[in-house]
Amino acid sequence: MPHQEHLSEAGGHVPHARHPRSALAWLAVVLALWLGLAHTVRADACRPAISSISAARANEAPDTPPTTGWEAVTLPDIWSTRWPGHDGTVWYRVQWTHCPGQPVAAFLEYLSMAGAGSVNDDPLWADDSLAEPLSRGWNMPRYSLLPPSALHAGTNTLWFKAVGYDLYSSGLGGVHIGPPDEIRPLYEREWLLRRVFPQVNLIISITLGCFFLVVWLLRRNEQAYGWYALTSLAWLLFGLNSVVATPWPFATTHGWSTWITLIFTIYCSAFSMFAWRFGDQRFPRLEKALWITTGAVCAALLALGPVQPKIVFYLVAVGYAGVFVGTCVQFQLHALRTRRPEHLFLAACMLSFLVAVTHDMLAFLRIIDDVHGYTAATAPLMMIGMALVLAWSFTTTLGRVERFNRELAEHVDQARRELTLTLGRQHELEVANARLSERLQISHDLHDGLGSSLVRSIVMAEKGDAALPPQHYVSVLKSLRDDLRQVLDQSFGAVPATVASPADWIAPLRRRFGELFDEQGVRCAWKIAPAWPSKPETAHLLALTRFLEEALTNVIKHSRAGAIAVTLTDAGHGALALSVEDDGTGFDVALADRSMAGIGLRSMRARIARLGGRLEIESDASGTRLRARLPAITHFSG
């Protein structure tokens with residue numbers, strides 16, 4: 001006997017083909033299969049099943065189903081294919097069988113434009129407004145758990161009342177009836193496609209649109225950001241068509257439709273501008289023609305209003321969809337030419353959306369039989385892709401700016417170091433120049449002040465008829481000491497106080513040189529203004545003193561004049577006019593300026609120039625005339 005017959009798992013025996021018990025085993029298997037098949041057939045027989053679907057136009061009483069005019073239809077249904085030009089109400093009747101005791105759920109994909117649903121004689125749901133302004137329920141899936149009390153064994157009827165217009169492809173979507181655990185997932189999937197995706201699309205559009213609008217306002221030269229912001233905001237307004245439940249703020253469905261069509265034209269135009277600007281493309285004539293056409297189309301739509309012909313609606317929709325598709329195709333070719341990563345990435349985003357737009361336009365034109373739109377699902381990806389491309393471009397630009405800033409900082413540091421060295425050398429040169437200027441100033445003061453005193457004393461000694469008394473030499477030495485002290489005081493900033501009037505200022509000079517002129521037999525006329533035109537500074541007065549001393553000393557040394565005239569007058573507007581004239585032999589001014597003997601002349605010119613004035617020197621056989629014009633100086637620091 002085989003070993004298997006004694007296995008404990010089989011009770012010590014296993015049916016064998018030659019054993020009498022094997023026939024009983026096969027009989028049991030066949031019976032079990034037959035019972036299972038019978039149960040399945042019985043379950044399928046009780047499963048809700050749609051037996052017929054028909055539609056009829058409403059009669060004079062649109063609130064109740066008509067009794068005649070029913071025609072068999074296939075869902076989804078658009079009634080304009082059957083009744084062209086019909087606007088108003090259409091009733092749909094869906095009949096199905098039911099086995100009592102089983103829960104049943106019904107799911108309607110959509111109903112356009114507004115409507116109500118009921119099972120047998122019990123209402124299930126109804127839109128808020130079934131008259132203008134109609135509720136916008138065309139994108140609203142409906143799910144109902146049918147009440148058992150409203151159902152009966154055998155044939156039951158679902159009634160759907162649809163109110164809409166031929167222009168908007170009104171009709172009824174697919175209807176599904178079955179157990180709730182099977183119908184509910186279908187409803188949730190349709191809700192995701194028709195409600196969740198459009199709302200997510202709006203949130204993404206308003207977020208990205210506002211963000212890039214702010215970026216564009218901060219960087220007005222980045223036009224692509226501005227056009228993207230306008231594109232996003234236009235798509236936001238266009239996307240409301242799939243979300244809102246009423247046509248508010250418009251009073252009619254036609255008003256809302258006109259508004260949405262206007263927004264669609266602006267969206268397509270703005271999208272084209274964004275694509276061209278992002279691709280660094282400019283088409284002046286094409287862009288101008290595009291916006292002129294858009295403006296004309298918008299004006300025409302507003303003018304037509306509620307009487308908008310169906311052909312106009314289709315032409316505008318298809319025409320601007322063609323603008324959108326054409327822009328996408330052109331950008332694909334442009335990206336292939338440029339090979340720039342950001343262009344290729346945006347071209348890939350456009351390609352995915354281009355497929356969705358093409359599908360939806362074919363469905364809109366009823367070339368293909370599909371009621372599900374792809375743009376609602378792909379538009380968020382498109383908007384995010386465009387935003388990522390802009391962000392990529394923005395961060396790339398920021399990276400270039402940062403690199404430029406680093407390079408600029410390095411150049412600035414290098415320039416700062418070079419400037420520091422240059423300023424150090426310049427400072428050294430200025431210090432050396434200041435020292436040289438101080439030495440030159442001291443030499444001029446010694447020449448004009450102490451030198452003139454020495455010349456005057458020498459002349460007095462040479463022209464004296466007898467030996468001068470010791471007191472005279474003491475007086476001369478004291479005068480020289482005072483002049484030297486005055487030079488030192490000016491060099492160290494210790495200048496005398498300002499004198500009250502021109503007469504007080506010139507009195508010491510007039511006394512010193514007056515005695516010398518009297519001894520030489522030279523007539524001297526002094527014509528002095530009674531008051532200063534404007535209050536001078538002490539350094540100003542000292543410079544004038546040195547100038548006048550040098551001028552009078554030159555007269556004594558070189559002119560052999562018999563008469564001298566010193567004039568200090570008011571020249572108007574706070575200016576002074578100082579002149580020294582003599583009737584001496586004169587000299588060659590140009591030659592004196594070029595020779596070593598002209599130090600005194602150059603010194604006088606320099607002093608008058610430091611005062612901001614102008615010195616004129618004229619000399620001929622009739623004498624010499626020095627005329628200095630000095631502007632009002634109240635902040636002189638020479």
Side-chain angles (χ1 to χ4, degrees), residues 440 443-460 462-463 502 505-506 508-529 533 540-573 575-631 633 638:
L440 184 61
S443 65
H444 285 170
D445 290 341
L446 290 174
H447 175 272
D448 297 343
L450 191 60
S452 63
S453 297
L454 286 172
V455 169
R456 186 180 69 253
S457 301
I458 292 171
V459 170
M460 291 178 63
E462 290 178 347
K463 300 262 176 136
W505 161 72
I506 207 169
L509 287 175
R510 186 171 183 177
R511 179 180 57 79
R512 287 159 46 194
F513 283 93
E515 294 176 356
L516 183 58
F517 291 152
D518 290 342
E519 293 177 1
Q520 300 297 321
V522 178
R523 299 185 304 279
C524 185
W526 304 82
K527 185 178 180 181
I528 307 300
H540 183 189
L541 296 177
L542 184 58
L544 286 177
T545 300
R546 294 291 183 245
F547 166 76
L548 192 53
E549 285 179 339
E550 177 64 19
L552 296 177
T553 299
N554 287 339
V555 172
I556 295 173
K557 290 171 58 178
H558 308 294
S559 69
R560 295 195 295 276
I564 301 175
V566 178
T567 305
L568 180 66
T569 59
D570 184 352
H573 303 290
L576 279 175
L578 176 62
S579 64
V580 179
E581 301 181 9
D582 66 71
D583 58 354
T585 57
F587 63 95
D588 188 341
V589 178
L591 179 61
D593 281 336
R594 293 194 301 270
S595 65
M596 292 296 296
I599 295 177
L601 290 178
R602 289 193 291 273
S603 175
M604 286 189 292
R605 289 185 188 276
R607 289 187 185 277
I608 296 302
R610 282 199 297 272
L611 297 178
R614 183 179 70 255
L615 176 62
E616 297 177 357
I617 302 176
E618 299 177 0
S619 185
D620 51 30
S622 63
T624 301
R625 293 161 294 281
L626 281 72
R627 299 186 182 90
R629 181 179 176 84
L630 309 173
I633 301 177

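Closest non-hydrogen pair, T545 versus W505, comes out as OG1-NE1, 2.7 Å. Heavy atoms only, all atoms of each residue included: A575 and P533 are closest at O-CG, 3.4 Å. Residues V522 and A563 come closest through the heavy atom pair CG1-N, 4.1 Å. Shortest non-hydrogen contact noted between D583 and G562 is OD1-N, 2.8 Å. Nearest heavy atoms, E549 versus L509: CG-CD2, 3.3 Å.
At least one side-chain heavy atom of L552 sits less than 4.5 Å from a side-chain heavy atom of F517. Using a 4.5 Å cut-off on side-chain heavy atoms (C-beta onward), R625 and D620 make contact.
With sequence neighbours excluded, the residues that form a side chain to side chain donor-acceptor pair (under 3.5 Å) with R605 are D593. For D588, the side chain to side chain donor-acceptor pair (under 3.5 Å) criterion is met by no residue, not counting sequence neighbours.
Of the listed residues (I506, L568, L611), just one forms a side-chain contact (heavy atoms from CB on, under 4.5 Å) with L544, and that residue is L611. Each of T624, D582, T585, L626 was checked for a side-chain contact (heavy atoms from CB on, under 4.5 Å) with S619, and the lone residue meeting it is T624.
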Margin query: For E616 and R627: C-alpha separation, side-chain torsions, deciding distance, then whether salt bridge (charged side-chain N to carboxylate O under 4.0 Å, His left out) applies.
Written below: CA-CA 5 Å; E616 297 177 357; R627 299 186 182 90; 5.0 Å; no

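Going from atom CZ of R629 over to atom CG of L578 covers 12.5 Å, rounded to the nearest 0.5 Å. A distance of 4.0 Å separates CZ in F513 from OG1 in T553, rounded to the nearest 0.5 Å. Taken to the nearest 0.5 Å, the CD1 atom of I528 stands 7.0 Å off from the OG1 atom of T567.
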